[in-house]
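Scroll down for the structure; my scribbles are underneath it.
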Amino acid sequence: MTESIRERARRAAERYVIPAAREADEKRVFRRDVLEALASEGLVGACLPKEYGGGGLSNREHLCIYEELGRADASVRGFVTVQVGLVAQCLLDWGSEEQKQRWLPKLCSLEAIGSYALTEPEAGSDVCAVQTTATDNKLTGHKWWITNGSVADFAIVFARTGPDRRGGLTAFLVTELNAERMDAAELGHRGSDHAELHFKETPGEVLGGEGRGFEVAMGGLDHGRLGVAAGAVGLHQACLDAAVEHVRGRRQFGKRLGDFQLVQGDVADLATELEASRALVERAADLQDAGDPEAHRVTSMAKLYATEAASRAAGKALLLLGARGYNNEFPVERHYRDAKGMEIYEGTSHIQRLIIARDLIGPDPERKAK
Ligand SMILES: Cc1cc2nc3c(=O)[nH]c(=O)nc-3n(C[C@H](O)[C@H](O)[C@H](O)COP(=O)(O)OP(=O)(O)OC[C@H]3O[C@@H](n4cnc5c(N)ncnc54)[C@H](O)[C@@H]3O)c2cc1C
């Protein structure tokens, strides 16, 4: 079963995503047509229940889709992570039946695009510093770096409804986004849409109950981080494949690059870290599927390890390709730039380390007692 999903995802990635990726990156174009083609193949929302238009796959089975899309283009994989991993999963976990029926089938068919709006200029890693406020379900504030923001039909927006840092956050479904696509040419993910959203007494509809925003946000991030981690495995695989192909063909000093032991060491490291990443990501997916309480920590480990390993892999592959790796004739240069972003969004590597360590060490009982 898993192989056939992988094959389907790979065929679609080769047919639709890879041919468009270089131009989308160069021209900073968001290719909705590519995403619609993936949706028509059942590859957007495949992990959602069939009753809501999904394919009913487990998280573990769904990894293949993220991986194959990540191997082709991190911008496209990133779109699916937001649309499905963050937005659809938050709706599935926290929405009323009416909210699920309204949005989930459309998210799968791409009749609607969703975005997840948490970050603000003063609230990045510190998500509880959100300053957007909501009074009587009317939102006022400003979000930035919101993936899909200017192409979205709605966003899940996190706003402050009370003074308590965590308990004062509420999630809202908002359709009036007043979005502005961000102008600056980002280092990577240039085929994505990133926007600023502006709210002024903008109506919203509560998702998951007042004061539950922090839980909604964190639950979504657990799903999203799995998507980022699996996408990183795909990007890592693409770098390994490019490096191996190159060192097999390129000759210097009278022999193949791949016959030099220093080069062999790089190839071996690339391949070994890839297997370690993939195993860790699969373990996180299995724990999520089992509803295991360790899933949260292991998902952070998977996101941390897989994105950092992918970044190292892209750097090594780029070096092995020499000057060819340094221009956009080969996709490794794009993978290198995209990998850096993956270490930042959905919680930076520092934040993943904090989550892992705090979960293991636990709260200080003396501080709790005071
Ligand atoms: C490509 C891309 C797409 C994105 N898409 C979305 C989206 O769809 N929705 C959304 O809401 N946001 C999105 N973001 C925003 C992203 O989630 C934030 O950039 C990220 O959470 C980090 O916040 P910041 O940029 O404000 O950095 P800061 O929080 O200012 O962090 C700066 C540095 O300080 C470190 N740091 C911060 N606090 C600590 C600490 N306590 N201990 C140790 N180190 C710390 C960080 O790890 C980082 O290295 C996106 C960002 C990018 C780059």
Side-chain angles (χ1 to χ4, degrees), residues 24-25 28 30 70 73-90 107 113-132 139 141-152 154-160 165 169 171-172 174 177 179-199 213-214 216-225 227-228 231-232 235 300 303-304 307-308 310-311 334-358:
D25 176 66
R28 299 186 66 233
F30 174 79
D73 184 356
S75 292
V76 169
R77 193 276 313 147
F79 172 89
V80 177
T81 304
V82 172
Q83 176 92 342
V84 179
L86 292 175
V87 178
Q89 288 286 352
C90 281
L107 289 171
I113 291 179
S115 61
Y116 172 99
L118 181 58
T119 304
E120 300 179 1
E122 301 308 323
S125 301
D126 184 6
V127 298
C128 293
V130 159
Q131 292 175 3
T132 295
L139 283 77
H142 170 210
K143 300 283 179 181
W144 75 351
W145 276 105
I146 306 308
T147 304
N148 305 345
S150 70
V151 293
F154 74 102
I156 298 177
V157 183
F158 298 89
R160 182 153 297 290
R165 257 174 67 80
L169 289 180
F172 292 89
V174 180
L177 299 181
E180 237 180 299
R181 193 171 186 202
M182 290 175 74
D183 275 341
E186 295 99 358
L187 179 68
H189 291 78
R190 292 183 171 182
S192 301
D193 176 89
H194 298 124
E196 300 197 30
L197 309 180
H198 301 274
F199 307 108
F214 185 77
V216 177
M218 294 304 122
L221 286 173
D222 273 346
H223 291 292
R225 284 169 186 158
V228 180
L235 185 150
S300 281
K303 201 268 181 187
L304 168 67
T307 58
E308 291 198 343
S311 214
R334 169 166 52 84
H335 296 321
Y336 181 78
R337 291 184 282 108
D338 288 340
K340 297 317 288 179
M342 293 161 74
E343 293 175 88
I344 298 172
Y345 56 72
E346 304 212 19
T348 64
S349 288
H350 291 129
I351 296 304
Q352 305 312 319
R353 286 188 168 89
L354 292 181
I355 292 170
I356 296 160
R358 283 177 185 159

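By convention here, the first residue in the shown sequence is residue 1. When a ligand or atom number is given, it counts from 1 through the structure's own listing order. Just so it is clear, the structure is predicted and the values come from calculations on it, not from any experiment.
No donor-acceptor pair closer than 3.5 Å links the side chain of Q131 to the backbone N or O of G141. In terms of modelled atom types and a separation under 3.5 Å, the side chain of E346 and the main chain of R225 share a donor-acceptor contact. A donor-acceptor pair under 3.5 Å links the side-chain atoms of D193 to the main chain of S150, judged by distance alone. No donor-acceptor pair closer than 3.5 Å links the side chain of R181 to the backbone N or O of G149. Here the side chain of K303 pairs a donor or acceptor atom with the backbone of M342 at under 3.5 angstrom. A donor-acceptor pair is defined here as one N or O able to donate and one able to accept, closer than 3.5 Å; no such pair exists between the side chain of E308 and the backbone of S349. Remark: side-chain polar atoms of R190 are not paired, donor with acceptor, to backbone N or O of A24 under 3.5 angstrom.
Annotation: atom 31 (O) of ligand 1 to nearest protein heavy atom, S125 OG, 3.7 Å. Here the protein heavy atom with the shortest distance to atom 3 (C) of ligand 1 is T147 OG1, 3.4 Å. Closest protein heavy atom to atom 26 (O) of ligand 1: G124 CA, 3.2 Å. Scanning all protein heavy atoms for the shortest distance to atom 20 (C) of ligand 1 gives I344 O, 3.8 Å. The protein atom (non-hydrogen) at minimum distance from atom 2 (C) of ligand 1 is Y345 CD2, 3.5 Å. Scanning the protein for heavy atoms near atom 7 (C) of ligand 1, the closest one is W145 O, 3.3 Å. For atom 9 (N) of ligand 1, the closest non-hydrogen atom of the protein is Y116 O, 2.8 Å.
Within a 4.0 Å radius of atom 41 (N) of ligand 1, the protein contributes one or more non-hydrogen atoms. Counting only heavy atoms, the protein gets under 4.0 Å from atom 13 (C) of ligand 1. Distance screen at 4.0 Å: atom 47 (O) of ligand 1 has a protein heavy-atom neighbour inside the cut-off. Protein heavy atoms come within 4.0 Å of atom 17 (O) of ligand 1.
Side-chain contact check for T147 versus Y345: every heavy-atom pair is 4.5 Å or farther apart. Between T132 and E120, some side-chain heavy-atom pair lies under the 4.5 Å cut-off.
Shown in contact with H350 at under 4.0 Å from a heavy atom are these atoms of ligand 1, numbered in order with element: 35 (C), 43 (C), 44 (N), 46 (C), 47 (O), 48 (C), 49 (O). Within ligand 1, counting atoms from 1 as listed, the ones closer than 4.0 Å to a heavy atom of L354 are 40 (C), 41 (N), 42 (N). Shown in contact with T348 at under 4.0 Å from a heavy atom are these atoms of ligand 1, numbered in order with element: 22 (C), 46 (C), 47 (O).
The six-membered or imidazole ring of F158 lies near that of Y116, with a centre-to-centre distance under 6.0 Å.
Not a single N or O atom of I146, backbone or side chain, sits closer than 3.5 Å to an N or O atom of ligand 1.
Nearest-residue assignment for atom 11 (O) of ligand 1 (options T119, I351, T81, V130; heavy-atom criterion): T119.
Contact annotation: for N148 versus ligand 1, there are no heavy atoms closer than 4.0 Å. Within the 4.0 Å heavy-atom criterion, neither part of E186 lies near ligand 1.
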Subject >> side chain to side chain donor-acceptor pair (under 3.5 Å) assessment of E343 paired with S311 >> reply: CA-CA 8 Å; E343 293 175 88; S311 214; 2.7 Å; yes
